[in-house]
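Small disclaimer: the values here were computed from a predicted structure and weren't measured.
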Amino acid sequence: MNINYVDICCGLAWGDEAKGKIIAELSKSKNYDYVCRWAGGNNAGHTIYVNKQKYKTHLIPSGIFYNIKSIVGPDCVINVKSFFQELDYLKNNGFNTELIKVSPKAHVVLDKHIQYDKDKLLKTQGTTAKGIAPSYSEKYARTGVLASTIPELKPYLWDEKLEGNILCEGAQGFWLDINYGNYPFVTSSTTLPYAACSLGFPPQKIRKIYGAVKIYDTRSGIDPDFPEELLEDPELLKVVNTGQEYGTTTGRKRKANWLNLNKLINAINISGTTNLIISKIDVLESVNIYKLYYNSQLITFENINNIKDFVYNTLLNQCKPFLKTIVFSNNPYSI
Ligand code: IMP
Ligand code: MG
């Protein structure tokens, strides 16, 4: 069997855009033969609800919750210890961990990488301190350690074949991409769909690109575009608390800001998003404040329908012809 089609789900902001929820919905359809991560490591954090039960993963793709082969791709970095911890966690919860495979070409995160990250980058960049940047540094210096050389990983090595219908699971988001983000306040991997081809399929196989974003922006970690003062804004603090904006991986409080619609337009157009999902609508509704930035103006709306109409019409107008659908979604688990 050959590759039939590839769907991709990516974040269009700074991570934490409820990609996990979308991937869960897509995986549930059972049309996928593989769910694959193409970038990053255990700096990511995915929260998935299966039968109302909450699960958290960091590296292993969410297809595992739906009995689908789950691949950690060649452009990912793998912390071997935390990989096995995650594997045990999944096994103990009754999931079939034999479906999990790691590319022999994935790079390994070593203790020295984590130490450097903790000692240096955590303070200057607010990283997740998981050794991501130092590990990718060694990959690109061509001095890194490959997953294929680690004896414990042998039973989990992927044969590098894909067939049937593929779902690619993004980690982080558009503005954390090493090429597009506010460098150096980015992560060290390529978070956009263009990079999913590193898994081993030609771009022509891509069918749909699901782009995930929230109706407001959030940022965890240091970024001059998200000054600390945002944490003192009483309205935005209400958004943080109502939306439970705390990091899955770090537990840190995220900084919130009103949606920057121009940035979203850019992210949609450059990622090639065909299906947009804007989530956490209910958070704004329950806070009862409706604002966004557009063309450097902060615009205030009367109610949820007005802001939704404005977003819908502006995006459809400015993101044609690729953008096909826009769905507004609630986050029933956040409150
Ligand atoms: P690193 O990926 O740990 O090197 O962190 C670099 C930047 O990306 C920091 O600002 C982190 O807060 C941010 N970051 C990395 N992974 C995630 C994620 O999964 N969600 C949100 N922010 C992330
Ligand atoms: Mg996350």
Would [X] and [Y] count as having a side-chain donor-acceptor pair, cut-off 3.5 Å?
X: Thr187; Y: Ser189; answer: no
X: Tyr290; Y: Asn288; answer: yes
X: Tyr216; Y: Asn260; answer: no
X: Asp117; Y: Thr127; answer: yes
X: Asn165; Y: Asn4; answer: yes

- Note on the structure: When every non-hydrogen atom of Leu199 is compared with those of Cys168, the smallest separation belongs to CD1-SG, 3.7 Å

- For the student: nearest non-hydrogen atoms of Val35 and Ser27, plus distance: CG2-OG, 4.1 Å

Measuring from [X]:[atom1] to [Y]:[atom2], what's the distance to the nearest 0.5 Å?
X: Tyr89; Y: Ile60; atom1: OH; atom2: CD1; value: 10.5 Å
X: Leu236; Y: Asn241; atom1: CG; atom2: CG; value: 11.0 Å
X: Ile132; Y: Leu121; atom1: CD1; atom2: CG; value: 11.0 Å
X: Ile299; Y: Ile307; atom1: CD1; atom2: CD1; value: 9.0 Å
X: Lys91; Y: Ile64; atom1: NZ; atom2: CD1; value: 11.0 Å
X: Leu315; Y: Ile268; atom1: CG; atom2: CD1; value: 4.5 Å

- Query: Between Lys255 and Phe226, is NZ or CZ placed under 6.0 angstrom from the six-membered ring centre and within 45° of the ring axis?
  - Reply: no

- Message: side chain to side chain contact (heavy atoms under 4.5 Å, CB included), that's the test. Do Tyr312 and Ile278 meet it? Break it down for me.
- Response: CA-CA 10 Å; Tyr312 190 89; Ile278 305 178; over 6 Å; no

- Query: Aromatic rings Phe95 and Tyr55: how do their planes relate, parallel, tilted or perpendicular, breaks at 30° and 60°?
  - Reply: perpendicular

Taking [X] for the side chain and [Y] for the main chain, is one N or O donor matched with an acceptor at less than 3.5 Å?
X: Asn317; Y: Asn313; answer: no
X: Trp38; Y: Thr190; answer: yes
X: Asn182; Y: Phe185; answer: no
X: Thr274; Y: Ile209; answer: yes

Take atom [atom1] of [X] as the centre, draw a 6.0 Å sphere, and report whether it contains more than 12 heavy atoms from other residues, nucleotides or ligands.
X: Asn2; atom1: CG; result: no
X: Asp111; atom1: CG; result: no
X: Lys105; atom1: NZ; result: no
X: Tyr246; atom1: OH; result: yes
X: Glu98; atom1: CD; result: no

- Decide yes or no on side chain to side chain contact (heavy atoms under 4.5 Å, CB included) for Lys54 and Thr47, but give the supporting numbers first. CA-CA 7 Å; Lys54 182 175 180 171; Thr47 308; 3.6 Å; yes

- State plainly whether the residues Lys139 and Asp75 are in salt-bridge range, i.e. N to O under 4.0 Å. yes

- Message: Using a strict threshold of under 4.0 Å (side-chain N to carboxylate O), is an ion pair present between Glu235 and Lys238?
- Response: no

- Could you please spell out the steps behind the ring pair (Phe, Tyr, Trp, His ring centres under 6.0 Å) verdict for Tyr66 and Tyr32? CA-CA 10 Å; Tyr66 299 93; Tyr32 295 106; over 10 Å; no

- Query: Which is it for Ser82 and Leu59 under the side chain to side chain contact (heavy atoms under 4.5 Å, CB included) test, yes or no, and what are the steps along the way?
  - Reply: CA-CA 9 Å; Ser82 90; Leu59 179 68; 5.8 Å; no

